[in-house]
Amino acid sequence: MEYDGILLGMGNPLLDISAVVDQDFLNKYEIKPNNAILAEDKHLPMYDEMAAKPTVEYIAGGATQNSIRVAQWMLQFPGATSYMGSVGKDKFGEEMKKNAQDAGVNVHYYEDETAPTGTCAVCVLDGERSLVANLSAANCYKVDHLKRPDNWALVEKAKFYYIAGFFLTVSPESIQLVAEHAAANNKIFSMNLSAPFICEFFRDPQEKALPYMDFVFGNETEARIFSKVHGWETDNVEEIALKISQWPKASGTHKRITVITQGADPVVVAEDGKVKLFPVIPLPKEKLVDTNGAGDAFVGGFLSQLVQEKPIAECVRAGCYASNVIIQRSGCTYPEKPDFA
């Protein structure tokens, strides 16, 4: 099988500024544990405060970019993955490009002249992460960049697409173009619920993209908020996954499969009117470094097998393997080679 450019991701490239913080820090900036939000004015001073911490680390991040990097690492075929998003013309943007290219990802960034590269504060407390994203340049992605012949060629070359729900806040128009291309050409399009605020405040663009989604990823919190927003009156993750999988589809070629992670609890997979549960790899508490990128890594591992047309059970196993590796390290980082057999 030809793997060159088989998987394309689009999203918000962000430089993660990761540091261990205390409860007082979270209280000061009104941050909930294990949540993901967009920065407001009140959050802006926290970036400098975190940058001044002795434990601070800078890691190329952004949900989709994390998943694509992990898929690339699992695949070990140089150039199997491509990625588009918007960065600033600055040292952070250069650093991110180098980081992604070193990882083997074919990145085609839109470089915005007016805004700095986006950053994400990763506040780690007791191994759990809270994310506060300051999109800056990531918010400036233009659909014209996607339509440029050299970039659209990446879309045409790919057979699988993955976009985190966060990109709905930036360029729903770009998402629709790729989704419609996938449906018209019998390709696989997948997205992520990504965060409770996406399900709540970006319901319209999310619902517009949903008929095109062949795979829907998410975690239990996002699934429950999605259910609440749609008046389903159930908190049962298995029921919710099933309902999402049965949402009407734009193309009948592929059925929709919903994949919901639940931290240490089993992964829920809904397809064909049935639900299956897959156990995750147990990890002793003392081995947990931080959960930043765990969900992204799961998706990356899953996609690495999906593009090889492996069975769903094998995709889930790879997702669980990748997230298990990531949570034992700081940020969404990994060893040189995967040990997945």
Side-chain angles (χ1 to χ4, degrees), residues 9-19 21 25 28-31 35-69 82-103 105-124 129-146 148 151 163-175 194-195 197-198 201-202 292-293 296 330-333:
M10 294 184 74
N12 302 334
L14 302 172
L15 190 73
D16 282 355
I17 302 173
S18 179
V21 301
F25 184 91
K28 177 178 173 183
Y29 290 107
E30 297 171 29
I31 298 165
N35 197 10
I37 59 170
L38 293 178
E40 299 169 36
D41 289 345
K42 67 180 178 189
H43 297 118
L44 298 181
M46 68 186 281
Y47 295 89
D48 286 341
E49 199 175 325
M50 288 182 71
K53 289 187 181 290
T55 57
V56 70
E57 289 181 277
Y58 296 92
I59 302 155
T64 307
Q65 186 164 244
N66 283 343
S67 296
I68 296 297
R69 279 172 49 240
S82 310
Y83 175 79
M84 284 188 255
S86 177
V87 297
K89 276 200 153 175
D90 52 28
K91 68 176 196 307
F92 281 172
E94 283 302 313
E95 180 64 33
M96 196 130 57
K97 189 174 195 172
K98 182 183 177 303
N99 196 299
Q101 286 173 337
D102 288 350
V105 180
N106 177 17
V107 288
H108 281 220
Y109 291 138
Y110 168 72
E111 290 186 351
D112 188 81
E113 310 249 348
T114 59
T117 294
T119 49
C120 181
V122 181
C123 312
V124 181
R129 58 75 174 143
S130 299
L131 308 176
V132 184
N134 184 15
L135 295 181
S136 294
N139 210 19
C140 303
Y141 189 80
K142 306 282 187 289
V143 71
D144 297 351
H145 177 262
L146 174 64
R148 273 178 28 192
N151 295 327
I163 301 175
F166 295 117
F167 203 52
L168 289 166
T169 73
V170 173
S171 189
E173 196 183 345
S174 300
I175 294 173
S194 289
F197 84 87
I198 298 290
F201 305 117
F202 293 86
N292 182 30
D296 303 335
S330 179
C332 195
T333 60

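We count residues from 1, following the sequence as given.
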message: Please determine whether side chain to side chain contact (heavy atoms under 4.5 Å, CB included) holds for the pair Asn106 and Tyr83, giving the CA-CA distance in whole Å, both sets of side-chain angles, and the decisive distance to 0.1 Å.
response: CA-CA 6 Å; Asn106 177 17; Tyr83 175 79; over 6 Å; no

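- Minimum interatomic distance between Pro116 and Ser136 (heavy atoms only, all atoms of both residues): O-CB, 3.0 Å.
- Remark: Arg148 does not engage Asp144 in a salt bridge, criterion side-chain N to carboxylate O under 4.0 Å.
- Looking at every heavy atom in both residues, Phe166 comes nearest to Asn12 through O-ND2, 3.5 Å.
- Expressed to the nearest 0.5 Å, how far CD of Glu113 lies from NZ of Lys89 amounts to 4.0 Å.
- Checked by atom type and distance alone, the side chain of Asn151 pairs as donor or acceptor with a backbone atom of His145 at under 3.5 Å.
- With hydrogens and angles left out, the side-chain atoms of Thr114 and Asp112 include a donor and acceptor closer than 3.5 Å.
- For the atom pair CG of Leu135 and SG of Cys120, the computed distance is 9.0 Å after rounding to the nearest 0.5 Å.
- Considering only residues two or more places apart in sequence or on other chains, Ser171 meets the side chain to side chain donor-acceptor pair (under 3.5 Å) condition with Ser174.
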Chi angles and distances behind the side chain to side chain contact (heavy atoms under 4.5 Å, CB included) call for His43, Ile37: CA-CA 10 Å; His43 297 118; Ile37 59 170; 3.7 Å; yes

- request: Test side chain to side chain contact (heavy atoms under 4.5 Å, CB included) on Val107 and Gln101 and set out the steps.
  value: CA-CA 7 Å; Val107 288; Gln101 286 173 337; 3.9 Å; yes

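- The minimum heavy-atom distance linking Asp296 with Ser67 is given by the pair O-OG, 2.9 Å.
- Side-chain contact between Val87 and Lys97: absent, with no pair of heavy atoms (C-beta onward) separated by less than 4.5 Å.
- One finds the OH atom of Tyr110 at 7.0 Å from the SG atom of Cys140 (value rounded to the nearest 0.5 Å).
- To the nearest 0.5 angstrom, Glu40 atom CD is 8.5 Å from Glu30 atom CD.
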Donor-acceptor list for residues 45-62 side chains, cut-off 3.5 Å, not counting sequence neighbours:
| from | atom 1 | to | atom 2 | distance (Å) |
| --- | --- | --- | --- | --- |
| Tyr47 | OH | Val132 | O | 2.7 |
| Tyr47 | OH | Asn134 | N | 3.3 |
| Glu49 | OE1 | Lys28 | NZ | 2.9 |
| Glu49 | OE1 | Tyr29 | OH | 2.7 |
| Glu57 | OE1 | Ser330 | OG | 2.3 |

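- Annotation: Lys142, atom NZ; neighbour count of heavy atoms from other residues, nucleotides and ligands within 6.0 Å is above 12.
- Counting heavy atoms from C-beta on, the side chains of Val105 and Ser82 never come closer than 4.5 Å.
- Here the closest heavy-atom approach between residue Ala195 and residue Ala36 is recorded as CB-O, 4.1 Å.
- The shortest heavy-atom contact between Thr64 and Gly11 is OG1-CA, 3.9 Å.
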Pair Met84-Tyr141, side chain to side chain contact (heavy atoms under 4.5 Å, CB included): steps then yes or no: CA-CA 9 Å; Met84 284 188 255; Tyr141 189 80; 3.7 Å; yes

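- Looking only at side-chain heavy atoms (C-beta outward), Leu146 and Met10 come within less than 4.5 Å of each other.
- Considering only heavy atoms from C-beta on, Tyr109 stays 4.5 Å or farther from Ser86 through its side chain.
- Between Thr119 and Ile17, the closest side-chain pair of non-hydrogen atoms falls below 4.5 Å.
- Within the 4.5 Å cutoff, side-chain heavy atoms of Thr169 are placed close to those of Phe202.
- If you take CG on Leu168 and CZ on Phe201, they are separated by 14.5 Å, rounding to the nearest 0.5 Å.
- Contact record, Arg129 with Asn35: NH1-O, 3.5 Å, taken as the closest heavy-atom pair.
- Under the rule for a side chain to side chain donor-acceptor pair (under 3.5 Å), the partners of Thr117 that lie at least two apart in sequence or sit in another chain are Asp90.
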